[in-house]
Amino acid sequence: MYYPIAIMYGSPNINIFISVFNTNINESADFLNNIPILYIIPSIVLIVIAALALKTRKYLPNIKSVALIAPFLLIVLFNPLKVYSTTNSITSESVRFTLFRFANELYQSYKIVVASELKMKQLMAQPSTWAPSLPANDYDTYIIVIGESVRRDFMHAYGFSIANTPFSSTANGLFFQNYISAAGSTQASVSGSLVRRHNGELQHNNNIINLAKKQGLSVYWISNQGSLGNDDFGVSQIGKQADSVTFLKKGEYDAQSFSDRDLLPHFQQAIVEKPSAKKLIILHLMGSHSDFCSRVDHQYDEFFISKKLSCYVQSIKNTDNLLAELAQTASSNHKKWTMIYFSDHGLSAMHQEQGKVVNFQHGDRSKQNFQVPFFITAYDAKQRKEIHDYRSGLDFLSLYAQWTGSEEPLLSDKCDLLSDMNCHKKIQVINFEDKLVDYDSLADLPFTL
Ligand SMILES: [Zn+2]
């Protein structure tokens, strides 16, 4: 039954467990919908073979069964004995027999995720150690829009052939041409960007929400992504620390799906209430999350290669329209606003038909899984500038502090991340095993027609 997932995402790893823990019925349906039938057929064949084998059970005399079991044991024990002969110890990892390895990988990943969730809860109960100065510029409304699964090369603003980004293609501001997301999946990437990392570990008590609060900002978290009721994990738990919290989807079993446009009234309300307060408003979109056609109600303006890719291109257009409306709403309420938009991660090619890529999926092996749009626009932005130097999602909090004109000792980045300055940093990303790897070591698999 795991076979289709193994083809798409590999053997059980930490990321798969984090996703399972953070999902809801709706997302699960999208996930299943996205598995090509071709991948499911071998699973069905295997299940049928297993059923037939159980039906045709034979009882063999003892001698014969020993003769059959001995080679089996030899196969299972070969690697552990080999490991033992060189290291004098046996661990569960040394058993490479597939069935056992599979069960062990499941168990080990589960154990790590549960332990890290527990640690996160303990850390979040501690006070933050941020000590920022107050924002030094005169914006009164900081808006961060966290997009979902957008590859930069599928945005017209970054050179895509179809004009699917009328707002981002013409807006003034800073356009980062080489921003690399922190990770290849939502939970790891968003917490990797919004939480301070120290000595390789996330310090959950120092996150963007309590940083902004200490900056004297009134913080809003408005999300179209899941929240699991009382038993929260990861990103939603960070979001819940905001002064005002809105989750369109409530609870694990809420199967209703919302459009990102449903966030607009909540944004409007955040803009108008407490008129004298300086605010940080964070919106977390469903954006271009698979299944792409569910995101756009199976409707698209222009066909591109396959139905799924056409929906993908359209979902990016819808997000671009949403950004335009957010800017419009802030302006018409006379706010001195500035807005960051970025995507949590990119995607890689998945399913091919006749040599053409017809669908995308999450991944951590190619550069394209991490190449995301990132730009900053504002009510008073007068020109459009490009920043070509590499910037990392792992430095998002430093970038945030610079954007708000605030000094924070724990984020004392010497480099001006908002100018096209070479910061001489090795760019790294978090892989699905929760390990940092060099971005340069990843395969470059650009999309080709
Ligand atoms: Zn995502």
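FYI, side chains are in, hydrogens and waters are out, and symmetry mates aren't considered; it's all heavy atoms of this structure. Read the numbers this way: they start at 1 and go in the same order the structure lists the ligands and their atoms.
Checking Thr186 against the Zn ion (ligand 1), an N/O/S atom falls under the 2.8 Å cut-off. At least one N, O or S atom of His345 sits under 2.8 Å from the Zn ion (ligand 1).
When the N, O or S atoms of Asp344 are ranked by distance to the Zn ion (ligand 1), OD2 comes first. Atom OE2 is the N/O/S atom of Glu148 found closest to the Zn ion (ligand 1).
Ion pairing of Arg295 with Asp260 is absent here, as no side-chain N (NZ or NE/NH1/NH2) approaches a carboxylate O to less than 4.0 Å.
Counting heavy-atom neighbours within 6.0 Å of Gln126 CD, excluding the residue itself, gives a total above 12.
Checked by atom type and distance alone, the side chain of Asn34 never pairs as donor or acceptor with a backbone atom of Phe31 at under 3.5 Å.
Cation-pi check for Lys367 over Tyr439 is met; the charged atom lies under 6.0 angstrom from the ring centroid and within 45 degrees of its normal.
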